[in-house]
Amino acid sequence: MKLLPKEHATLVEQAIRAAQAAGELPAFDIPAIEIRPPKRADQGDYAAAVALQLAKPAGMNPFDIATIIAKHLPPADFVASVEVVKPGFINFRLNDDWLRAQVEQIIVEGEALFQLDLGAGKRAQVEFVSANPTGPLHVGRSRGAMVGDTMARLLEAAGYSVEREYYFNNAGKQMHDLGNSLRIRYLEALGQPVQIPETDFYQGEYLKDFARDLVAEKGDALVNADWQPFKEYAEKRMFDVIRATLRRVNIEHDIFFNENSLYESGAVWDTLEELQERGYVYRAAKPETDTTNGGEADDEENTGKGEATWFRSTALGDAKDRVLVKSDGSPTYTLPDIAYHLNKYKRGFDLMVNVLGADHGTQYKVVAYGVKALGLDPSKIHVILIQLVRMIRDGKEVRMSTRRGDYDTLDDLIDQTSPDVVRYILLARSPDSHLNFDLDLAVKQSNENPVYYIQNAHVRCAGIFREAEARGLSDDGADVSLLGADELRFLRKVMELGDLIEVSAQTFEPHRIAFYALELATLFHPIYDNVRALHGDVPPELAKARLRFYRAAQVVFRRVLTLMGMSAPERM
RNA sequence: GCGCUCAUAGCUCAGUGGAUAGAGCACCAGUCUUCGGAACUGAUGGUCGGGGGUUCGAAUCCCCCUGGGCGCACCA
């Protein structure tokens, strides 16, 4: 399938070169030529503003430049006409016959529609979710889950070979607290008098369930055990729950990477050593430079703790140096984080995408400094920073807290709505934008909810073919030249999908596909009303051509829904 | 206080320096004697938070201001 913006850009570039060779345009460096569909239909299907950009370097009137470019444009099968307009726009109009012929091409490509080779031979990794298994996934985390998985799908569509990775830590204080919390619940389940601690305790109902199961399995054999066996049991059970939840929304990670393995392999200390060799490490009771307070104020937090090991990240532009190893000899989270990314580089990915919550905004920069300090190319990593989700119910914000157990879990949310609704709502927002998840709206199964609107387009196509089959009608050997203006309008939009995949993948903006899907559905439904295939008044040949069109439309909706990790239902 | 980020229709939000700023929902008015029906059509609705600047051209880039969110640990 052709990427029309690129195709047009090539034509324009060739025209500029030809005009320069003919002496009609002066010599200048040809800029990147941007071609895009204009906002209004009377401005053509694709437009180039390059003549306006060239006015200064060429020292000419933009309209004249555009006229000269248009004169030198080589012919192309997809172009019907070219028009030069007022300030200097070059407007292209697609050839209708060529467009109609795309119906067959769409059907041929099927589920691989607009599969690109942008990342051909390249390996990409997307790290997302990465929640420690201290509880079920809650809604706050799940936005990153949908964005990450959709990002992975788009990269696959762009031609990358993609690995999905989940990074977690089962060795820290959180997991210790989890084990201890389960221990208390276990004793409680055995009928022993227990005191529920005020702090460092996970209050979720799920631990009571685990405790009951544990009693059923082992009886009172663990009465005198410490937190450790409880932690191991809880971790295993928790991961089962988390993976099952993710599977419900079509997410499956290829690799679960345990931070602890970086300690077991020695990678953490190797990383420190390498940073040291490169001159980025020093030991001191205080940072060498403290740009936050000019080194004047004697921070209490920096005193009386002895010597720590510091990362001289200020040498790379950081606001302050960071502690790598505390004075008690244990590393901070920063060091294993850097070691983890070093590990990723060693695995040879060409591209690494990290999906993180906005609360990690500072931390990822420190990791980037670490990567740079190790002599690696930080531009291979791209971070998608996700703003937090606010749950709104009855017009009011619902606060979430993992510890107190009164949060809305992703499972709850799926139960109340559907996997597809959750996927779409959490995807259909720019990552930069705060997301108000209106629970009341999401629960509603009405046309206020775009998910149904989009999926219904696919359902309607499927319905047509159920009915056609019942009537013994076929679209074999259809003459697509009979398709009209409505269908052409839809096909024009379809032709934008390839560019959308490319841009989304390159700019790491998976939300674009969600808006595209809605636009496509908005275009489709009126056509479905107008362009009838099964109505008695429609001549057989025309009916056949229209069926062919709907077959292509169904392919497109299935492709788009699949890219979003959603189902393409046959009926609703 | 410092850093990052956001502010666009009543609400929720799109908008990759280009032409007259868009969509969904809500609201209002209609359509289908319901074919395939979570459907369709139309209307209303905007000083793009405010003020400067760069540019032939700014919602978009730069600076200042106002107001939200998040971060500023030898926690993760």
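In the text below, chain A, chain B and the rest are named by the order of the sequence lines, each starting its count at 1. Model, not experiment: these values are computed from the prediction.
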Trainee: Scan A/E34 against the nucleic acid and name what it touches under 4.0 Å (heavy atoms): base, sugar-phosphate only, or nothing.
Mentor: base

Trainee: Please figure out whether A/I464 or A/I90 has its closest RNA chain B nucleotide nearer the 5' end.
Mentor: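 Per heavy-atom nearest nucleotide, the more 5' residue is A/I90.
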
Trainee: Counting only side-chain heavy atoms from C-beta out, which of B/A14, B/A19, B/A38 sits nearest to A/P38?
Mentor: B/A19

Trainee: Scan A/S327 against the nucleic acid and name what it touches under 4.0 Å (heavy atoms): base, sugar-phosphate only, or nothing.
Mentor: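 Since a base atom lies under 4.0 Å of A/S327, the category is base.
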
Trainee: By centroid distance (under 5.5 Å) and plane angle (under 30°), are A/F89 and B/A19 in a stacked arrangement?
Mentor: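 It does: the two rings, one from A/F89 and one from B/A19, meet the stacking criterion.
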
Trainee: Using atom P of each nucleotide, how far apart are B/C25 and B/C6 to the nearest Å?
Mentor: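 B/C25 and B/C6 have their P atoms separated by 28 Å.
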
Trainee: Now, which nucleotide makes the Watson-Crick or G-U wobble pair with B/C25, with each of the two distances under 3.5 Å?
Mentor: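 Paired with B/C25, as far as the under-3.5 Å criterion goes, is B/G10.
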
Trainee: Please classify the nucleic acid contact of A/L388 as base, sugar-phosphate, or nothing, using heavy-atom distances under 4.0 Å.
Mentor: sugar-phosphate

Trainee: Check every strand shown and say whether A/N169 touches a base, only sugar-phosphate, or nothing at a heavy-atom separation below 4.0 Å.
Mentor: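 Result for A/N169 = sugar-phosphate.
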
Trainee: Between B/G18, B/C40, B/A76, which nucleotide gets closest to the side-chain atoms of A/L52?
Mentor: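 My answer, after comparing the listed nucleotides, is B/G18.
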
Trainee: Strictly by Watson-Crick or wobble contacts shorter than 3.5 Å, is anything paired with B/C2, and which nucleotide is it?
Mentor: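 Matched B/C2 with B/G71 under the 3.5 Å cut-off.
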
Trainee: Side-chain N or O of A/K56 less than 4.0 angstrom from OP1 or OP2 on B/C56?
Mentor: yes

Trainee: For B/C32, which nucleotide in any strand shown is its Watson-Crick or wobble partner with both distances under 3.5 Å?
Mentor: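 Across any shown strand, B/C32 pairs with none.
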
Trainee: What nucleic acid atoms does A/L435 come within less than 4.0 Å of, heavy atoms only: base, sugar-phosphate, or nothing?
Mentor: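 If one applies the 4.0 Å heavy-atom cut-off, A/L435 turns out to touch the sugar-phosphate alone, with no base involved.
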
Trainee: Any base atoms under 4.0 Å from A/E467, or only sugar-phosphate, or nothing? Heavy atoms, all strands.
Mentor: sugar-phosphate

Trainee: Look at all strands and tell whether A/H525 reaches a base, only sugar-phosphate, or nothing, counting heavy atoms closer than 4.0 Å.
Mentor: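 Touches sugar-phosphate only.
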
Trainee: Can you spot which of A/D200, A/N132, A/N169 makes a side-chain hydrogen bond (donor to acceptor under 3.5 Å, both in side chains) with A/Q174?
Mentor: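 Answer to the side-chain hydrogen bond (donor to acceptor under 3.5 Å, both in side chains) test with A/Q174 among A/D200, A/N132, A/N169: A/N132.
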
Trainee: Take atom CZ of A/F490 and atom C1' of B/C40, then tell me their distance rounded to the nearest Å.
Mentor: 17 Å

Trainee: For A/S330, which contact category applies under a 4.0 Å heavy-atom criterion: base, sugar-phosphate, or nothing?
Mentor: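 Nothing, no nucleic acid heavy atom in range.
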
Trainee: Using only side-chain N and O atoms of A/T309, determine if any of them is under 4.0 Å from OP1 or OP2 of B/C74.
Mentor: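 No, A/T309 has no side-chain N/O under 4.0 Å of OP1/OP2 on B/C74.
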
Trainee: B/G67 and B/C28: how far apart are their P atoms, nearest whole angstrom?
Mentor: 37 Å

Trainee: Any strand counts, and the cut-off is 3.5 Å on both contacts for Watson-Crick or G-U wobble. Which nucleotide pairs with B/C61?
Mentor: B/G53

Trainee: Contact class for A/R532 vs. all strands (heavy atom < 4.0 Å): base, sugar-phosphate, or nothing?
Mentor: base

Trainee: Counting the atoms with a prime plus P, OP1 and OP2 as sugar-phosphate, which does A/D337 contact under 4.0 Å by heavy atoms, base, sugar-phosphate, or nothing?
Mentor: nothing

Trainee: Check every strand shown and say whether A/A308 touches a base, only sugar-phosphate, or nothing at a heavy-atom separation below 4.0 Å.
Mentor: base

Trainee: Taking A/K6 first and then A/E13, would you say they form a salt bridge - that is, a charged N and a carboxylate O separated by under 4.0 Å?
Mentor: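 So A/K6 does not pair with A/E13 through a salt bridge.
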
Trainee: How about A/Y340 and A/Y167: are their ring centroids closer than 6.0 Å?
Mentor: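 A/Y340 vs A/Y167: aromatic centres under 6.0 Å.
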
Trainee: Using the P atom in both, what is the distance from B/A26 to B/C11, to the nearest Å?
Mentor: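 About 16 Å, rounded to a whole number of Å.
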
Trainee: So if I take every side-chain heavy atom of A/H511 and compare against B/A19, B/A14, B/U5, which nucleotide ends up nearest?
Mentor: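 The answer is B/A14, which lies nearest to the side chain.
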
Trainee: Output yes when at least one side-chain N/O atom of A/K365 is less than 4.0 Å from OP1 or OP2 of B/U5, else no.
Mentor: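 Checking A/K365 against B/U5: no side-chain N or O falls below 4.0 Å of OP1 or OP2.
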
Trainee: Taking 5.5 Å and 30° as the limits, would you call A/F515 and the base of B/A14 a stacked pair?
Mentor: no

Trainee: In whole angstrom, give the distance that lies between atom CG of A/D200 and atom C1' of B/A76.
Mentor: 13 Å

Trainee: Base, sugar-phosphate or nothing for A/Q53? Non-hydrogen atoms, less than 4.0 Å.
Mentor: base

Trainee: Rounding to the closest angstrom, what is the interatomic distance between B/A58 and B/A19 at atom P?
Mentor: 10 Å

